[in-house]
There are 4 protein chains.
Amino acid sequence: MAKMESYPGQIEKKEKIIKAALEIFSRKLFHQVAMSEVAAASGVGKGTLYLYFESKEALFHEVIKYSYNTYYESLKNCLEAGKNARDKLEKVMEMQKGFMQSQKKFVYLLAEEKLISSLILEEEAFQYQQKIIDLVCQVIDKGIEDGEFKSMDPSLAAKIFMGGVAALWYGAYVYEGKEYQEQNPVDEIMDIIYSGFCTESEQ
Amino acid sequence: MAKMESYPGQIEKKEKIIKAALEIFSRKLFHQVAMSEVAAASGVGKGTLYLYFESKEALFHEVIKYSYNTYYESLKNCLEAGKNARDKLEKVMEMQKGFMQSQKKFVYLLAEEKLISSLILEEEAFQYQQKIIDLVCQVIDKGIEDGEFKSMDPSLAAKIFMGGVAALWYGAYVYEGKEYQEQNPVDEIMDIIYSGFCTESEQ
Amino acid sequence: MAKMESYPGQIEKKEKIIKAALEIFSRKLFHQVAMSEVAAASGVGKGTLYLYFESKEALFHEVIKYSYNTYYESLKNCLEAGKNARDKLEKVMEMQKGFMQSQKKFVYLLAEEKLISSLILEEEAFQYQQKIIDLVCQVIDKGIEDGEFKSMDPSLAAKIFMGGVAALWYGAYVYEGKEYQEQNPVDEIMDIIYSGFCTESEQ
Amino acid sequence: MAKMESYPGQIEKKEKIIKAALEIFSRKLFHQVAMSEVAAASGVGKGTLYLYFESKEALFHEVIKYSYNTYYESLKNCLEAGKNARDKLEKVMEMQKGFMQSQKKFVYLLAEEKLISSLILEEEAFQYQQKIIDLVCQVIDKGIEDGEFKSMDPSLAAKIFMGGVAALWYGAYVYEGKEYQEQNPVDEIMDIIYSGFCTESEQ
DNA sequence: AATGAATGAGCATTCATTCAT
DNA sequence: CATGAATGAATGCTCATTCAT
């Protein structure tokens with residue numbers, strides 16, 4: 001850990017490797033990715049990988065971390081940019097739509113990562129997810145405080161929101177090209193989430 | 001020629017294998033599972049596996065199919081049992097809560113399956129997902145017709161609902177034991193989905 | 001050995017298996033032939049093979065024996081049919097030409113058999129070869145006695161004759177269809193063997 | 001991509017492997033040889049084999065090629081060394097006698113190679129054989145031109161000669177130690193081939 | 001006697017990791 | 001620091017053989 005601290009200019013090499021690895025890990029399962037492939041794609045020798053990462057699993061671990069951070073930053077930007085709670089959530093939806101198209105890799109990684117509990121310390125994965133939910137949670141909380149949202153468990157709402165949205169773009173990804181996805185209009189989705197399923201009269 | 005005939009009267013053995021495999025594939029990644037392990041867990045010889053399944057991938061494929069069917073049946077039962085649309089959806093939520101606890105394996109499988117598009121014909125995977133969404137979609141459609149739900153795109157709503165719900169139990173699974181999950185009270189969740197995020201006054 | 005003596009009507013089954021096996025062993029290497037394949041081709045169950053033959057190697061052994069005998073009989077017929085020594089040898093050549101076309105399998109078997117010294121007792125293989133050479137040897141010996149052939153080591157001559165002839169049809173087989181083989185005119189070949197390479201004047 | 005580059009300066013290792021493999025392939029059938037055995041005999045790791053050869057079949061293929069080349073060179077040397085046609089052929093006979101004793105492996109390989117048409121491109125095998133026959137053919141042709149040999153089809157004569165000779169040493173090998181082989185006196189054999197079977201008076 | 005479902009030993013091949021250069 | 005040749009553990013799959021029916 002403390003070993004490979006930070007020769008300037010070495011950080012870039014490490015990042016170069018991570019980026020190349022991300023690209024590859026995103027298209028294949030962990031066990032289908034060969035270290036030699038990562039080395040080739042990074043433009044370094046196979047042995048070099050082991051100067052920067054203790055093992056294949058460690059490399060994968062760092063790729064996950066990197067992806068989470070990237071995602072987290074995007075999310076934060078969205079939430080900061082929005083004028084009010086609803087606007088913030090809408091921006092998140094838009095972001096994910098784009099994210100899924102440009103960074104589909106991430107989707108894969110997240111899905112697989114969930115499976116590799118022996119690779120990435122569960123604790124850590126938990127914290128990443130938690131951080132993401134927390135961010136949304138705060139926004140919702142604020143929305144409630146401001147009277148924009150009704151009173152509800154903000155954590156629950158955050159999960160439902162993120163899950164619902166994820167389902168839309170996840171599906172859109174998986175069956176990529178097969179159909180619609182454009183027909184997932186943010187307005188309509190937002191309306192469903194915002195005012196719920198019930199008829200107004202029933203409220 | 002007709003090598004993989006599925007010996008008559010041996011269906012139980014085939015199912016026995018599938019069930020043992022499900023158990024194992026759910027705890028590890030595809031490539032971490034050894035056929036010898038599946039054989040041992042099934043109580044059959046290694047060679048026997050190949051009497052019933054052409055290859056490891058074929059076995060995995062059948063496990064997925066089996067899981068989808070199991071899930072599909074559960075879902076259908078829930079939706080048939082419910083008195084009205086809202087009740088049906090609530091039953092689905094309850095079911096998933098239980099499903100996630102008894103059949104967590106399925107969660108894993110689905111996640112991985114998405115990644116192994118070369119293993120399970122994409123087309124087929126698409127159809128399974130579609131069938132599930134369709135089932136929920138029909139219920140929501142009926143709900144709209146009956147004036148129970150407001151007018152909205154039922155397919156969109158179905159995806160949001162399933163995604164939101166999935167996020168809840170998915171999370172609950174992944175961080176298993178770590179916390180709450182009991183704190184995901186169906187009532188509260190249903191309320192959020194049912195009447196949305198917004199304050200009533202805003203409607 | 002003495003175990004499976006001879007139920008009438010069982011001999012045919014044994015022979016049926018040997019013939020089917022011959023056909024298959026002739027087209028593939030020993031290890032590429034599956035017992036199940038032999039069983040299917042023989043029209044018997046896999047287990048049945050083991051009632052008649054102790055093992056795959058034993059079966060192969062018997063196939064070799066059968067082939068040698070078939071060949072030996074053909075050879076004997078030729079040699080008996082010929083009017084004089086030269087005529088007898090010519091008949092052998094004709095026979096082999098035909099043999100090679102109809103029974104190419106035998107060629108394969110002989111070649112492989114040489115390699116499987118652990119399968120067929122060397123001693124036995126030696127005796128088969130010896131019997132064949134002896135047959136030719138006797139004819140040559142008689143030819144010498146009758147003044148038809150010059151005085152020479154009949155065994156040596158037999159080997160040269162059989163080898164030379166074998167080379168012709170062996171090649172013809174291996175490159176089958178690729179070229180000539182018809183251009184191997186018995187007359188011409190016989191002339192070379194009969195009067196040798198040298199110019200007459202040199203004699 | 002260019003995976004099988006044949007590392008520079010590693011040609012010796014490649015040859016070392018080929019030689020060890022030759023030794024082993026000569027004593028057993030292709031399918032009885034384990035790659036681990038070849039590795040052990042070569043003094044390299046199992047994985048290393050695959051750095052130099054794409055597969056077991058590819059290795060076998062190269063062993064055959066190597067053997068043919070070795071044989072071909074020996075043959076060429078004999079033919080170049082002889083003073084005249086007859087002398088050249090005698091030298092070939094001597095060579096094969098020795099070859100068979102020191103390189104008996106080759107015999108095995110050739111026999112098996114004929115059987116594995118799927119392993120070594122038939123076309124290639126054909127060319128090797130052809131090259132060998134051609135070499136002898138040329139010598140015979142020259143012998144005819146020079147009036148040393150009578151007028152005859154040189155290709156036919158070459159095949160008969162090579163076949164006859166092969167039969168002598170082939171047999172000698174197979175029943176190795178069992179008897180004679182010394183009794184195959186070059187002079188006597190040559191006499192038979194040279195002046196043929198017939199009595200001089202008959203000419 | 002005849003069968004064929006079940007078995008497990010056996011083997012080719014891959015790939016993460018090391019270490020000599 | 002960087003490399004990539006060498007390694008051997010690990011695993012999917014085949015097939016001769018057995019044995020319960």
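In what follows, chains carry the letters A, B, and so on, assigned in the order in which the sequence lines appear, proteins first and then strands, with residues in each chain numbered from 1. These values consider heavy atoms only, across backbone and side chains, with no hydrogens, waters or symmetry-generated copies.
- For the strand DNA chain E, secondary-structure stems (runs of at least three Watson-Crick or G-U pairs, all distances below 3.5 Å) span E:2-21 with F:2-21.
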Start with the C-alpha gap between B/Glu62 and B/Lys65, add the side-chain angles, then the distance that decides, and say whether side-chain contact (heavy atoms from CB on, under 4.5 Å) holds. CA-CA 5 Å; B/Glu62 298 236 39; B/Lys65 246 163 69 179; 4.2 Å; yes
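- For the pair B/Lys16 and B/Tyr52, the NZ or CZ position fails the cation-pi test of under 6.0 Å to the six-membered ring centre and within 45 degrees of the ring normal.
- Straight-line distance from the CG atom of B/Leu49 to the C1' atom of F/dT11: 13 Å, rounded to whole Å.
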Could you run down nucleotides 15-21 of chain E 5' to 3' and tag each one B, S or - for protein heavy-atom contact under 4.0 Å? -SBB---
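- Going from atom CZ of B/Phe53 over to atom P of F/dC13 covers 13 Å, rounded to whole Å.
- Rounded to an integer number of Å, the gap from NZ of C/Lys14 to P of E/dA1 is 13 Å.
- In this structure, the CD atom of B/Glu37 is 17 Å from the C1' atom of F/dC13, given to the nearest Å.
- The interatomic distance linking B/Lys28 (NZ) with F/dT11 (C1') rounds to 12 Å, in whole Å.
- Across the protein-nucleic acid pair, D/Leu59 atom CG and E/dC11 atom P stand 16 Å apart, rounded to whole Å.
- Side-chain nitrogen and oxygen atoms of C/Tyr52 include none within less than 4.0 Å of the OP1 or OP2 phosphate oxygen of E/dA1.
- Comment: A/Lys19 does not engage A/Glu23 in a salt bridge, judged by the lack of any side-chain N to carboxylate O separation of less than 4.0 angstrom.
- The distance from atom CG of B/Leu51 to atom P of F/dA16 is 14 Å, rounded to the nearest whole Å.
- In this structure, D/Lys13 reaches the F/dA6 phosphate: one of its side-chain N or O atoms is under 4.0 Å from OP1 or OP2.
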